[in-house]
There are 2 protein chains.
Amino acid sequence: MSDFRSRDPLRHAVTQLSRFPGIGERTATRLAYWLLRQPPEVAAEIADGIQQLRVDMGHCATCCNVSGSDPCPICRDPDRDTGLVCVVERPQDVGAIENSGAHRGRYHVLDGAISPLDGVGPDELRIRELLARVGSGEIQEIVVATDPDVEGDATALYLAQVLKPLGVRVTRLAHGIAVGTEIEYADRSSVARALENRREM
Amino acid sequence: MSDFRSRDPLRHAVTQLSRFPGIGERTATRLAYWLLRQPPEVAAEIADGIQQLRVDMGHCATCCNVSGSDPCPICRDPDRDTGLVCVVERPQDVGAIENSGAHRGRYHVLDGAISPLDGVGPDELRIRELLARVGSGEIQEIVVATDPDVEGDATALYLAQVLKPLGVRVTRLAHGIAVGTEIEYADRSSVARALENRREM
């Protein structure tokens, strides 16, 4: 009898894959069996992508975004407006705003939002780092792009409070009816925000 | 400027995770960002689970199931009935039948089902290996547990044709109304099979 290894590699792979959020044992089992039907290099390549992510990724000391380099490509791009900084909750949000193509400034990643119920106060976020950036004098406007929910609203209000005394302009993303949504089907809060934020024509 | 690595490890991880069936770029991005928020060993452990799966898993030369050893734990279990072999399409099916606790024999994994439209004929399946096992004389009954669909039915018929002349008993799993399903909600084919397979009381 030739033992390829003593423990059960299939069970081990399923256990490991199930650690991903939203992947239960059933899906993990499906993925593991799929891997077994692929050429061996597929598993090796996927494993490498996962492993290297955590080895290679650090944080940009300026904008606090996750990045493979410090400063990150956005912070070292000379064509970006250094006077305009968009503040977001999570690294993912940078991608969403970049995809819009409408922001030519830089970013600041807070790493969350103020949420007293979860024990997250201003000190748990990268607000100190933001204040230091503003203190260095180059920034004219902070666009707050936190989520339109209780935590995002609280964070936006807090930021306006601490930033305005430093002489910087603080704005927030407009909220209203999403482009492409018929008013009939828009959710109640979006309609309310759209009315509040109505503009002269 | 300190480059952690030249290529973008986040994009690389997302590309690799998207190779899994049913995981699109959106989900892959969510998983990658989740990994970035975990302690570094989480990514290393998951990567190891994936990588080792393909390194450690081979096939049992007897039953053709994927296995970490050859022969597999089921084929080398002396308490199993060697005269009774359950034939399934896929390695996953072994798990389903094992979980029922109702089969005390061994298995044979065909690695698919006859499907002329997909170019899968008897020669593409592990039928030669099954005939060799039957030829060695120990097997008295083959329980065909292929799926109750066109391909599974065709495979079952083919197996009956080639196995019966060898003097072995060939049976097939009963199909009918699933336990727990009310007749009102049972699908048409299951009701039809249940009527066909009705038993004396």
Side-chain angles (χ1 to χ4, degrees), chain A residues 1-23 27-59 61 66-71 73 76 90-92 95 111, chain B residues 1-23 27-59 61 66-71 73 76 90-92 95 111:
Chain A
M1 192 195 98
S2 69
D3 244 323
F4 303 127
R5 208 163 186 185
S6 53
R7 65 176 183 188
D8 182 347
L10 184 65
R11 184 155 302 278
H12 179 61
V14 169
T15 306
Q16 291 302 326
L17 285 166
S18 314
R19 296 172 77 173
F20 279 124
I23 296 192
T27 306
T29 305
R30 191 171 53 82
L31 298 182
Y33 277 115
W34 174 84
L35 276 174
L36 286 172
R37 288 196 310 276
Q38 308 307 309
E41 64 270 22
V42 173
E45 287 163 8
I46 296 177
D48 176 72
I50 292 173
Q51 158 91 50
Q52 289 306 319
L53 175 64
R54 218 51 186 79
V55 172
D56 293 345
M57 289 297 267
H59 284 88
V66 290
S67 169
S69 61
D70 182 18
R76 68 173 188 260
R90 292 164 300 261
Q92 298 90 300
D111 232 6
Chain B
M1 191 196 97
S2 69
D3 244 323
F4 302 127
R5 207 164 188 186
S6 53
R7 65 175 183 189
D8 182 347
L10 184 65
R11 183 156 301 279
H12 179 62
V14 170
T15 306
Q16 291 302 325
L17 285 166
S18 314
R19 296 172 78 173
F20 278 124
I23 296 192
T27 306
T29 306
R30 190 171 56 79
L31 298 182
Y33 277 115
W34 174 85
L35 275 174
L36 286 173
R37 289 196 311 277
Q38 308 308 308
E41 63 270 22
V42 173
E45 286 162 10
I46 296 178
D48 176 71
I50 292 172
Q51 158 90 50
Q52 290 305 320
L53 174 65
R54 218 50 187 79
V55 172
D56 293 346
M57 289 297 266
H59 284 87
V66 289
S67 169
S69 61
D70 181 19
R76 68 174 187 260
R90 292 165 300 263
Q92 298 91 299
D111 231 4

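Throughout, protein chains are lettered first and strands after them, A, B, ... in sequence-line order, and every chain is numbered starting at 1.
Proximity to chain A involves both the backbone and the side chain of B/Phe20, based on heavy atoms less than 4.5 angstrom apart. Neither the backbone nor the side chain of A/Arg90 comes within less than 4.5 Å of any heavy atom of chain B.
Within the 4.5 Å cutoff, no side-chain heavy atoms of B/Leu10 are placed close to those of A/Asp56. Using a 4.5 Å cut-off on side-chain heavy atoms (C-beta onward), A/Arg19 and B/Val42 make contact. At least one side-chain heavy atom of A/His12 sits under 4.5 Å from a side-chain heavy atom of B/Asp48. Residues B/Pro21 and A/Leu31 meet the side-chain proximity criterion, which asks for heavy atoms closer than 4.5 Å.
Across A/Gln51 and B/Ala44, no two heavy atoms sit closer than the pair OE1-CA, 3.8 Å. Here the shortest heavy-atom pairing between B/Gly49 and A/Gln16 reads CA-CG, 4.0 Å. Contact detail for B/Leu53 and A/Ala32: the closest heavy-atom pair is CD2-O, 3.6 Å.
Under 4.0 Å is where a charged nitrogen must lie from a carboxylate oxygen, and between B/Glu41 and A/Arg54 no such pair does.
Summarising the geometry, atom CD1 belonging to A/Ile46 is positioned 8.5 Å from atom CD1 belonging to B/Ile23; distances are rounded to the nearest 0.5 Å. Taken from CG in B/Asp8 to OG in A/Ser69, the straight-line distance is 9.0 Å, to the nearest 0.5 Å. Here CZ of A/Arg37 is found 8.5 Å from CG of B/Asp111. Values are rounded to the nearest 0.5 Å.
Heavy-atom pairs under 4.5 Å with chain B were tallied for A/Gly95, A/Ala13, A/Pro40; the largest tally goes to A/Pro40. Between chain A and the options B/Ala43, B/Pro73, B/Gly22, heavy-atom pairs under 4.5 Å are most frequent for B/Ala43. Between chain B and the residues A/Val66, A/Leu36, A/Leu35, the largest count of heavy-atom pairs under 4.5 Å involves A/Leu36.
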